[in-house]
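So the structure is just underneath, and the comments pick up after that.
Count residues from 1 along the sequence.
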Amino acid sequence: NEDTYITATKPVRTGYEFLGWSTDSSAVSADYVSAQLVEDGFSGNISLYAVWAMETYKVTFSLSESATEIDDGEASAFGYDRDNRKYTPFTISKSEDYTIPTMVPTRAGYTFEGWGKRNGGPVLYNAGDTYGDRSTVTLYAIWTSNTFTVVYDGNGSTSGTMADTSVQEGSGISLTANRYEKDGYKFKGWSESSGGSVDYADGAYVKFTNEDADSSNTITLYAVWEKVEEYEVTYDTDGGSWDGPSTETVLEGDTYSIPYEKPTKTNYRFKGWSDGSRTYSSGSLLSVTSDKDFEAKWTADEHEYKVNYY
């Protein structure tokens, strides 16, 4: 038999790499390569079959979040290996494009925007899109934080202002202390509706979610007011004089302070203000539960007189 050369021409098959030739049609490795010299040739007619290896590329996902937030459906769709805490790549033939899963991943406090080739963006693909580059890639989930604006509504207040607060969904905040006032009313807390009862106490620590916000990502809290009784405190100087008020209005439950300024009266020393049951000094604090009349109490000054006897 004469020496024989295997053909130097290599066949071409899309998505596959040509490895060589084999006498076995199902072989995964080649017996002969292109242009190979076969000494003494073949003993007779022979059929050689092309041996192919599929060309592949890999697609790996990264959700860019804590593994504790990845549910079972997401782990399956995006190849997350819980045991090894890593993402397993999907292997695809280079003869095929890859279809990104239609599942939209979720993350507390964030909105999924799409997939990118870099962590943080830009977004290049959406759920269900075709990845047609046919090259190995890692696709990163791109997220934007859900940020809400908390608006404090005085709900009929007569004075005071309060600035809005910005908060990320799922992040707890302490509500701003109330700075509104309403004549004849006391503040009870905050409600999610203008006519509702108290949902949150003043300064309460709250975690808001997407369901709490309106279409403009605003959460409006309304002041809740309770009408209170008003009492009058009157002062009678009993012939004295002072620049203090003759009458003051006090809301039920408020702590009231008697003015520090003392009245004066010629030849008398001021002892305090009496309500008929006890006497209070200037600046005293007390709780007023009904109208109260105060009268100034005086002690006559003592004078020394010289008496001459003749």
| request: Determine, step by step, whether Tyr235 and Glu295 satisfy the side chain to side chain donor-acceptor pair (under 3.5 Å) criterion, reporting the C-alpha distance in whole Å, the side-chain angles of both residues, the deciding distance to 0.1 Å, and the verdict. | output: CA-CA 6 Å; Tyr235 292 92; Glu295 183 180 18; over 6 Å; no
| task | Report the C-alpha separation of Tyr110 and Glu169 in whole Å, then their side-chain angles, then the decisive distance to 0.1 Å, and conclude whether the side chain to side chain donor-acceptor pair (under 3.5 Å) test is met. | result | CA-CA 7 Å; Tyr110 292 82; Glu169 180 185 4; over 6 Å; no
| Can you list the steps and then say if Tyr131 with Tyr125 is a side-chain contact (heavy atoms from CB on, under 4.5 Å)? | CA-CA 8 Å; Tyr131 172 69; Tyr125 306 98; 3.4 Å; yes
| query | Can Glu252 and Thr289 be said to form a side-chain contact (heavy atoms from CB on, under 4.5 Å), step by step? | reply | CA-CA 6 Å; Glu252 180 184 14; Thr289 57; over 6 Å; no
| Would Thr144 and Glu113 count as a side chain to side chain donor-acceptor pair (under 3.5 Å) if you check the C-alpha gap in whole Å, the side-chain angles of each, and the deciding distance to 0.1 Å? | CA-CA 7 Å; Thr144 55; Glu113 299 294 343; 2.7 Å; yes
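The closest donor-acceptor contact from the side chain of Trp52 to the backbone of Gly20 lies at 3.5 Å or more, if one exists at all. Not a single donor-acceptor pair under 3.5 Å links the side chain of Ser145 to the backbone N or O of Thr147. Between the side chain of Asp97 and the backbone N or O of Thr130, no donor-acceptor pair lies under 3.5 Å. Not a single donor-acceptor pair under 3.5 Å links the side chain of Asn217 to the backbone N or O of Phe148. Of the possible polar contacts, one joining the Glu74 side chain to the Asp71 backbone as a donor-acceptor pair under 3.5 Å is found. In this structure, Arg269 contributes its side chain and Thr299 its backbone to no donor-acceptor pair below 3.5 Å. Ser284 places a side-chain N or O within donor-acceptor distance of the main-chain N or O of Ser281, the cut-off being under 3.5 Å. Asp202 places a side-chain N or O within 3.5 Å of a backbone atom of Asn178 that can act as its donor or acceptor partner. For Asp275 (side chain) and Arg278 (main-chain N/O), a donor-acceptor pair under 3.5 Å exists by modelled atom type.
Taking 4.5 Å as the limit, every side-chain heavy atom of Glu232 sits out of range of all side-chain heavy atoms of Asp293. Proximity of Ser191 to Leu221: side-chain heavy atoms (C-beta onward) are nowhere separated by under 4.5 Å. Residues Val137 and Lys58 have side chains not in contact (no heavy-atom distance under 4.5 Å, counting atoms from C-beta outward). The shortest distance between side-chain heavy atoms of Asp3 and Asp40 falls below 4.5 Å. Side chains of Ile142 and Trp115 form no contact here, defined as non-hydrogen atoms less than 4.5 Å apart. A 4.5 Å side-chain heavy-atom check between Thr149 and Thr165 finds every atom pair outside the cut-off. Side-chain atoms of Val250 and Glu230, non-hydrogen and from C-beta on, never get closer than 4.5 Å to each other. Using a 4.5 Å heavy-atom cutoff, the side chains of Glu226 and Phe187 are not in contact.
No salt bridge links Asp81 with Lys86; every basic N to acidic carboxylate O contact stays at or beyond 4.0 Å. Using a 4.0 Å cut-off between a side-chain N of Lys or Arg and a carboxylate O of Asp or Glu, Asp133 and Lys117 qualify as a salt bridge. Here Lys297 does not pair with Asp238 in a salt bridge; the nearest charged N to carboxylate O distance is not below 4.0 Å.
For CD of Glu181, the number of neighbouring non-hydrogen atoms (other residues, nucleotides, ligands) closer than 6.0 Å is 12 at most. Shown here is Lys262, whose NZ atom has no more than 12 heavy atoms of other residues, nucleotides or ligands within 6.0 Å. Heavy-atom neighbours of Tyr268 OH from other residues, nucleotides or ligands within 6.0 Å: at or below the threshold of 12.
Counting only N and O atoms by type, the side chains of Asp24 and Ser22 include no donor and acceptor under 3.5 Å apart. The closest side-chain donor-acceptor pair between Thr220 and Asp153, if any, does not fall under 3.5 angstrom. For the residue pair Lys182 / Thr158, no side-chain donor-acceptor distance below 3.5 Å is found, with atom types taken as modelled. Using a 3.5 Å distance cut-off with no hydrogens or angles, the side chains of Asn146 and Thr111 do pair a donor with an acceptor. There is a side-chain donor-acceptor pair under 3.5 Å between Ser216 and Asp214.
Closest approach of Ser157 and Tyr180 over heavy atoms only: OG-CD2, 3.4 Å. Looking at every heavy atom in both residues, Ile219 comes nearest to Asp212 through CG1-O, 3.6 Å. Between Thr279 and Ser274, the shortest heavy-atom distance links the atoms OG1-CB, 3.8 Å. Across all non-hydrogen atoms, the minimal contact from Gly240 to Lys265 is CA-CB, 4.1 Å. In plain terms, the two heavy atoms of Tyr87 and Leu63 that are nearest each other are OH-N, 3.1 Å. The minimum heavy-atom distance between Phe270 and Ser282, with the atom names listed, is CE2-OG, 3.8 Å.
Criterion: ILVMFWY side-chain heavy atoms under 4.5 Å apart, direct or through other members. Under it, Trp225 and Met162 are part of a common hydrophobic cluster. Cluster annotation: Tyr32 is not connected to Val51 through the hydrophobic network of ILVMFWY side chains, with a link wherever side-chain heavy atoms come within less than 4.5 Å. Note on Val198: it does not cluster hydrophobically with Val150, by side-chain heavy-atom contacts below 4.5 Å among ILVMFWY residues. Note: the hydrophobic cluster containing Ile100 also contains Phe78 (ILVMFWY, side chain heavy atoms under 4.5 Å, direct or indirect links). Under a hydrophobic clustering in which Ile, Leu, Val, Met, Phe, Trp and Tyr are joined whenever their side-chain heavy atoms come within less than 4.5 Å, directly or via other members, Phe42 and Tyr49 fall into different clusters.
Outside the 6.0 Å centre-distance limit, the rings of Tyr222 and Trp190 are not counted as a close aromatic pair. Ring-centre distance between Trp242 and Trp273: below the 6.0 Å cut-off.
The CG atom of Leu139 lies 11.0 Å from the CZ atom of Phe90; values are rounded to the nearest 0.5 Å.
Ring geometry for Phe112 versus Trp143: interplanar angle over 60°, hence perpendicular rather than tilted (30 to 60°).
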